[in-house]
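Written below as structure tokens is the structure these notes are about.
These figures come from a predicted structure and were not determined experimentally.
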There are 2 protein chains.
Amino acid sequence: MSTPPNARRPDPVTMEVVELIGDVVARFYEDYEEAAGEHALTGAQARLLSLLALEPLPMRKLALKLKCEPSNVTGIVDRLEVRGLVERRPDPADRRVKLAAATEEGRRVARELREGLRFAREPLAGLSDAERRSLRELLRRMLGVG
Amino acid sequence: MSTPPNARRPDPVTMEVVELIGDVVARFYEDYEEAAGEHALTGAQARLLSLLALEPLPMRKLALKLKCEPSNVTGIVDRLEVRGLVERRPDPADRRVKLAAATEEGRRVARELREGLRFAREPLAGLSDAERRSLRELLRRMLGVG
DNA sequence: TATTGTTATACTCTATAACTATA
DNA sequence: TATAGTTATAGAGTATAACAATA
């Protein structure tokens, strides 16, 4: 009874893929934190800044995208604002809303951050172009994108 | 000069793969944190407990594996020990060392945690067996394993 | 009344530095 | 002296609850 014969365990290949993905996740995260650190940013600050580099967003939307409580966003934006990387703007359409926006300096840092990700180069460099396309297709399918 | 013609930018396929990996990382992390939360564990506690479920480890080694300072491990092990999921044992070979070990309850929780990872089933379920094998091979190559 | 953002609070994770007990 | 683990401290992220301004 301790090991029901019909326990739905993933097959061995799936289990190994999950483990490999875990390794990729660990490596990617490590790389991201390091790249953020090179700009004296925490991971959370780097993620928020990267979002704002695309478009200004209300504090509430930032919380949704970062999957955290709105009260946290206040503090993270505060710290980025002190450093001149982010600014708060009023929303003409709704005076309750504050739009957080990356400054020019903030966008510059975000771009350097993105380009500093080693993971974009080294591990993938070991694959041929055909293999990268194959990997792209499999990841798309996995994520339900394609 | 603002955009050097020979700036080594990854090709478009590589860039898209990196973005897809970012999505996978976000999804995996979210899933892991949620699974941990279902057992009232933080992510750091879940990762430490999962390591100890394999084998007892000196505090120092735990810090190395978790890539954090040894002083942090003290607190995380403290909290898991209060809940009876982990215990500290002396190392007969070196009285300076404390071996952290998962209790039986701790190993049970670690197993449930592992089996609770939805990511092990849903996204990969959309791939055929051949595709999963192909993905396994590509990830191995990427990580320099195979 | 409902929503947006903030403040106040408490807990966890994190790094640094200083301490202890062993080696 | 050097190493293993701890303590003390401070900063940052997190969730919860209560609040002011606006809708």
Side-chain angles (χ1 to χ4, degrees), chain A residues 26 29-30 32-52 56-83 85-101, chain B residues 26 29-52 56-83 85-101 113:
Chain A
Y29 232 76
E30 207 181 317
Y32 195 87
E33 296 286 320
E34 188 179 324
E38 282 166 11
H39 294 279
L41 294 171
T42 65
Q45 288 167 6
R47 282 185 286 279
L48 191 151
L49 181 59
S50 296
L51 283 176
L52 293 188
L57 288 170
M59 304 295 279
R60 209 82 186 182
K61 283 238 167 125
L62 272 173
L64 283 175
K65 296 223 181 203
L66 295 172
K67 294 182 204 304
C68 72
E69 294 301 312
S71 58
N72 302 329
V73 176
T74 298
I76 302 175
V77 168
D78 280 350
R79 286 165 213 120
L80 290 172
E81 196 167 29
V82 166
R83 291 180 51 185
L85 302 176
V86 158
E87 62 183 10
R88 284 171 166 93
R89 299 176 189 161
D91 181 342
D94 186 336
R95 290 195 299 169
R96 291 174 303 181
V97 173
K98 284 176 191 167
L99 291 171
Chain B
Y29 232 77
E30 206 181 318
D31 202 26
Y32 195 87
E33 295 286 321
E34 187 179 325
E38 282 166 10
H39 293 280
L41 295 171
T42 65
Q45 288 166 5
R47 283 185 287 278
L48 191 151
L49 181 59
S50 296
L51 283 177
L52 294 188
L57 288 170
M59 304 294 279
R60 209 84 186 178
K61 284 237 166 129
L62 271 173
L64 284 175
K65 296 224 180 204
L66 295 172
K67 296 184 204 303
C68 71
E69 294 300 313
S71 57
N72 302 329
V73 176
T74 298
I76 302 174
V77 168
D78 280 350
R79 285 164 217 123
L80 290 171
E81 195 166 31
V82 166
R83 291 180 51 186
L85 301 177
V86 157
E87 62 183 11
R88 284 172 166 93
R89 300 176 189 160
D91 180 342
D94 186 337
R95 288 195 300 168
R96 291 174 303 181
V97 173
K98 284 175 190 166
L99 292 171
L113 186 63

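The nucleotide range of DNA chain C contacted by chain B, defined by atoms under 4.0 angstrom from heavy atoms of the protein and reported 5' to 3', is C:dT12 to C:dA23.
For the pair B:Asp91 CG and D:dT3 P, the interatomic distance rounds to 17 Å; values are reported in whole Å. Whole-Å rounding puts the B:Glu30 CD to D:dT14 P distance at 13 Å. One atom, CG of A:Leu80, and another, C1' of D:dA12, lie 12 Å apart when rounded to the nearest Å. Look at CZ on A:Arg60: it is 13 Å from C1' on D:dT22, rounded to the nearest Å. Look at CD on B:Glu33: it is 13 Å from C1' on D:dA15, rounded to the nearest Å. When rounded to the nearest whole Å, the span between NZ of B:Lys98 and C1' of D:dG5 equals 6 Å. Taking atom CD of B:Glu81 as the reference point, atom C1' of D:dG5 lies 13 Å away to the nearest angstrom. Rounded to whole Å, atom P of D:dG5 lies 13 Å from atom CG of B:Asp78.
With values rounded to the nearest 0.5 angstrom, B:Lys65 atom NZ is found 10.0 Å from B:Lys67 atom NZ. Atom OG1 of A:Thr42 sits about 10.5 Å away from atom CG of A:Leu49, to the nearest 0.5 Å. With rounding to the nearest 0.5 angstrom, the CG atom of A:Leu85 is 6.0 Å from the CG atom of A:Leu80. Atom CZ of B:Arg83 sits about 13.5 Å away from atom CG of B:Asp78, to the nearest 0.5 Å.
The closest side-chain heavy-atom distance from A:Pro70 to A:Arg60 is below 4.5 Å.
Contact annotation for B:Ser71: base contact, defined as any heavy-atom pair under 4.0 Å involving a base atom. Among the protein residues, B:Arg47 comes within range of no part of the nucleic acid, since none of its heavy atoms lies under 4.0 Å from any strand.
Residue order along DNA chain D, read from the 5' end via each residue's closest nucleotide, puts A:Lys67 first among A:Lys67 and A:Asp94.
In summary, of the residues considered (B:Leu62, B:Leu41, B:Asn72), a side chain to side chain contact (heavy atoms under 4.5 Å, CB included) with B:Leu48 occurs for B:Leu62 alone. The residue from B:Arg88, B:Lys98, B:Arg89 that alone fulfils the salt bridge (charged side-chain N to carboxylate O under 4.0 Å, His left out) condition with B:Glu81 is B:Arg88.
Between B:Arg88 and D:dT6 there is a side-chain N or O to OP1 or OP2 distance below 4.0 Å.
If you check distances only, the side chain of A:Arg95 never reaches the base of D:dT22 with a donor-acceptor pair under 3.5 Å.
In the set D:dA2, D:dT14, D:dA21, the nucleotide with an atom closest to the side chain of A:Ile76 is D:dT14.
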